[in-house]
Structure formats: C-alpha cells, structure tokens
Amino acid sequence: RDASRDFYTEVLIVGGGFGGVYALYKFRQLGLNVKLVEAGSDFGGVWHWNRYPGARVDSEFPFYQLSIPEVYKTFDFRERFPSHTELRRYFDHARNVLDLDRDAVFNTIVQGVTWSNGKWTCRIKDGRIIACKYLVLCTGSSYKKHLPAFKGLDAFGGTLLHSAAFPEEGVDVKGKRVAVIGNGSTGVQIIQELAKQDCDLSAFIRTPIMALPMKQRAIPAQEQESLRSFYDALLKASKASKAGFPYNNQVKTFSDASDTEREAVFEELWARGGFAFFLSNYVEFVTDKTANECIYNFWAKKTRARVQNPVKRDIVAPLKQEHYFGVKRPSLEQDYYESIDKPNVTLVNLKANPIREITKDGIQTNEHHKFDIIILATGYDAMTGSLMDLRIRDREGRLLQELWSDGVETYLGLMITGMPNMFMVYSPQAPTALSNGPAIIESQVDWVISAISKMEADGIKTIEPQRLFAAKWRKDIQEMNAKTLYPLENSWYMGANIPGKVREQLMYLGGVDAYNAAIKDALVEWKGFDLTS
Ligand code: NA7
C-alpha cells in the first residue's frame, strides 16, 4: 500500500453538496484545519449526480441557497425554481469565489470508518487512509440509488438508466420506445420532459403522486437586485419557520373554518404555486382524515380538469381518494398533467398490471411492452443508505448496520451513541426531508460549529450522546408519528420504499423551528452528552 497520500486533518467533511460546502466554509472561519472528501468529481451533491431531462429543484428562489454573503452577493438566479444546470452553475460559482478546491479531494469513496485513540480513521476505496479528530458526515438523503429487484433486470438488452446516473452528454430518445418506472418527484419531471420529445413514452405508475403546479417564472434582474439586500433576513427567517420557508400559517383551524373560507384558502394557495398549497395549508391534514380528504378533493377537482383522457385521468387523479395527501412527498410540475394526455404517452397502471419481469427487450406485465430505453425513477435508500455505505463502526467495533438493525437511533439527529466526535448533517431524525434543504443543513452545521468551538475552548476532547437520551429522542419521534397519518402510506419518510427496511418515521416531525430550539437547548449544559477532557 502506498501511504504517501494518507493524511491527518482536524476536521474531515464527507460529501460536497450544500451541507459539505457550508460546513467547509464555517470550519474555515473557526480556524480549524479542515478537508472535504467527495465521491464524485465535483461539488453539488444531488445536483452533481442528477442530470436527467427536466431535473429541477422544488424549493423556490431565493430560499434554495446558502447564507454565504461572498456567494449570494455575486450569483444571479434566473428562475423561480432553478434547473439542475443552474444549480451546478451555483456550485461552480461558490467553488470559485470561496476557492473551495484548496480543501477538497474528489473521486474519494469512504468505505470503512473506525474509532481508536481519540481519532477517526477512514479507509478510502483506492487504499488511502485519512484520519481526523472530528468527522462531519454530509452524505445527503438521496445518494444510494434504489434499483428494485425486478426479475431479469440484468437481462435487458437496451439502455437501462437510473435517474441519478444519466450520462453527461444526455440520452437521445428520438424515435425510441422509452419506459419510465416510478412517478415520484423525479419520474414526474422526466415524464413531463420526454413527453414533449419525438419518442413513444410509457409511464409505469404504482402510486400516483399528487403533484402541485410549480408556477415557474423567470426572475427579472431588477427583482433579484431589489431582494438581494434582504437575503440574509429571509434566510434567517427560513430557519425560524416550520418547513424552511417563511410561509404563512392558517390562522383558523380546519374545523373552525366554513366551507366557503376553506375554498377561498385553497384557491389562494393554489394560485401562489409551489409548495404553498402543501406547507401553508391547514396543518390538520397530517392528523385528521376529514381535513385530508377535503384537501384531496380540491386537488383532484383541479387536476382532473387538466386531463382529457378519462382512463389516464382516473390513473393519475382518482375521483375518490385512495391515498392521503401530503404524507408522502408531493412534488411540483409545470405541465405534467397535460403532457401525459398526449398520444405518444401510454400510462401503465401497475396496481392492475404489476411488473412481472424485465425481459431482453422490454417489460412484462400482463402483456409484453417492448422498449429501447428503460429509466428507473425508483428513488433511493433514503436517509440511512448513504450513512451505512460508509461502513462506520462504533467504539466497540460494531457496524452501524448492526446498531440500527431494529431501527434508527440518534440523539437530536446529530450524533450516535458509541461514535464520539462524529456529526451528521441532513440526517435521519431531524426535520430533513420535511424542510427546504439549506435551512435545515445550516441549522445543523451551525450547531456542530458551536459544539466544536465550545469543546475547543473548554478543553473537551470528545463528546458522545448518552444512550438514554438517544433512546428518548427516537421514542418521542415515533410517538408523535403514531398520532399522524404518516404510518398509513408507504413513503421513504417511513423507510417503506425499500423491501426489508425497518418501517419507522425517519423525520423529526416538530418543524425546523422547534428542532432548532431543542438542539440549542441541549448545547447549553451539554444535556444528554458524555464528555472527556
Ligand atoms: P421516490 O419519491 O422514492 O419515488 C420513487 C417512485 O418509484 C415511486 O413512484 C415508486 O412507487 C416507484 N417505485 C419504486 N419501486 C418500485 C417498484 N418496485 N415497482 C414500481 N414502482 C416502483 O424517488 P424520487 O427519485 O422520485 O424522489 C426522491 C426525492 O428526491 C424526492 O422526494 C425529493 O426529495 C427529491 P410507489 O410510490 O412506491 O408506489
């Protein structure tokens, strides 16, 4: 083994998406020696990997950015909901302005992490070893791709792609027969885009998503300039909100509002576009079946009116509610419902005709469909997959997979018992996927920075959560979850999209604001932590 490329750093950040970039920026300010390793060849995280046609974020301008003045003062967004190319331009800009490359090592896949003698040792796939005192995992929620175990998947003779692994040069679909399996937020964007191209498109739909109108628009330069001086305040406000956007909440409860008032609220939220209809709606939709049905009915009325083909209409927006609204992640669309109406688009309802196998030249349901290209928009082993792939062992040598074999246990969604000085960002048991990404990422990184600066100042060598506190954090989340409709849908929030994964709520449900209060409180007197000095 060539040891010449091994190194030690005080702080090692794993992952170069929003979390990693913000952490690198903050650790430099703290004056610690810091390095960032990234599996890909560039910064960007999900925006480095997701290059499929139509890829775009569902968080609106100006909230989907980091509160780093050097970057936001000099970057112009062009659209209310930026595309993947615009987001890569954003990361390139951050990279140049902050000279991020100075502390970054790309194409570096961590595949073994152990603790001994007061430091973490990371084994890299190519044999290098990197050691550190503090390990900060910014590996994201959606890194480990989910490839369903379809019989015959390997036998397909055409082009098989997962949505997160599109070639940089794109895929030519002209004149081709293309299948898209899945209609989560990814599938919706791909279907909407490919439907407009000269191809025969088939969308395989198991659970129809409830997509909401994006109301995309260009951001004029003048509007951008007039808002720029408020970015700092707006981004702070997003961290003090429920879901990472400073949206309004309803003043009246669902049950106190009359039918006319409810209808007016729905219309107003619908007209705003984006996630307003989801995040500013009556909060009871999460717990109350009647409120949920009422919101569903409004959504179905609006959506059904956009689909002319009656068979397709019933597949994507059934008249009678079959699934709860908003407890599986909704997504945003521009003209998805008009797109699927086109004659070159076929919908296959997988509830009636499940996939039996993938064949050499297509997909077998109760009939055989021939394809040149199959796109798996089948999601991720979300929240835990990227962490487990690091093959982290606790101080006793037990793998994270063993520790979490009966379910995830973290303290504050930030640390794991038995894993001192290891911090997680955009992690399970935080409001992660229920929040606008940068808002929760910054909240967590800011906490890690405060914790480590306090440790350094007070001569504390290690911190580690006490088991009782971690167990209570977990129990509180699951108890809160039991009072909601989340357990009734098979979402990746619940780990329910991956066969064999423990079915449990993976998100903290109290909102970004309450989460921030809880983690700050724990820091005051190191509540729930064991320290060594
Ligand atoms: P999602 O949201 O997990 O969606 C995956 C889709 O793939 C969903 O429609 C699934 O149907 C479908 N799927 C998964 N496995 C199968 C099998 N075996 N057969 C048929 N259909 C299947 O992933 P996305 O990439 O769209 O979005 C991930 C996140 O990225 C998103 O939430 C945003 O945060 C951004 P199901 O609903 O399980 O019936």
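In listed order, ligands and their atoms are each counted from 1.
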The protein heavy atom nearest to atom 25 (O) of ligand 1 is Thr186 OG1, 2.6 Å
Review point. When the aromatic ring centroids of Phe277 and Phe298 are compared, is their separation below 6.0 Å?
Key: yes
Checklist entry - Between the side chain of Gln505 and the main-chain N/O of Ile477, is any donor-acceptor distance below 3.5 Å? => result no
Residue-ligand contact Asn490/ligand 1, heavy atom below 4.0 Å
no
of all protein heavy atoms, closest to atom 5 (C) of ligand 1 is Ala377 O, 3.4 Å
of all protein heavy atoms, closest to atom 34 (O) of ligand 1 is Arg329 NE, 3.2 Å
Ranked by distance from atom 3 (O) of ligand 1, the top protein heavy atom is Trp492 CD1, 3.4 Å
heavy-atom search around atom 23 (O) of ligand 1 in the protein gives Gly379 CA, 3.2 Å
Next item on the list: Any chance you could lay out the salt bridge (Lys or Arg N to Asp or Glu O under 4.0 Å) test for Glu333 and Arg306, step after step, and finish with the verdict?
Entry: CA-CA 12 Å; Glu333 53 78 38; Arg306 293 170 60 189; 2.9 Å; yes
Within the structure, is a non-hydrogen atom of Phe204 found at a distance of less than 4.0 Å from ligand 1? no
Looking only at protein heavy atoms, what sits closest to atom 18 (N) of ligand 1 is Pro148 CB, 3.4 Å
Counting heavy atoms under 4.0 Å, the part of Tyr380 that contacts ligand 1 is side chain
Under 4.0 Å between heavy atoms, the region of Ile355 that gets near ligand 1 turns out to be neither
The atoms of ligand 1 lying under 4.0 Å from a heavy atom of Phe150, numbered in the order shown, are 17 (C), 18 (N), 19 (N)
One finds that the ligand 1 atoms under 4.0 Å from a non-hydrogen atom of Gly182 are 6 (C), 7 (O), 9 (O), 12 (C)
In this structure, atom 9 (O) of ligand 1 is nearest to the protein heavy atom Asn183 N, 2.9 Å
protein heavy-atom neighbour closest to atom 4 (O) of ligand 1 works out as Gly184 CA, 3.6 Å
Would you say Ser185 contacts ligand 1, with heavy atoms under 4.0 Å as the rule?
yes
A student comparing Thr432, Leu350, Ile190 should find that the heavy atom closest to atom 20 (C) of ligand 1 comes from Leu350
| query | Would you say Arg217 has more than 12 foreign heavy atoms packed within less than 6.0 Å of its CZ? | reply | yes
- Query: Would Tyr508 and Asp476 count as having a side-chain donor-acceptor pair, cut-off 3.5 Å?
  - Reply: no
In terms of its nearest heavy atom to atom 22 (C) of ligand 1, the top option of His162, Lys145, Arg206 is Arg206
To the nearest 0.5 Å, atom OH of Tyr324 lies from atom OG1 of Thr287 at 12.0 Å
*Donor-acceptor pair, side chain of Arg313 and main chain of Gln308, under 3.5 angstrom*: yes
Q.
Between Lys351 and Glu322, does any NZ, NE, NH1 or NH2 come within less than 4.0 Å of an OD or OE carboxylate oxygen?
A. yes
- Between Lys312 and Ile340, is there a donor-acceptor pair closer than 3.5 Å when you use the side chain of the first and the backbone of the second? yes
### Query
Do Ile363 and Ile181 have side chains that get closer than 4.5 Å, going by heavy atoms?
yes
Separation between NE2 (His146) and CG (Asp381), nearest 0.5 Å, reads 8.5 Å
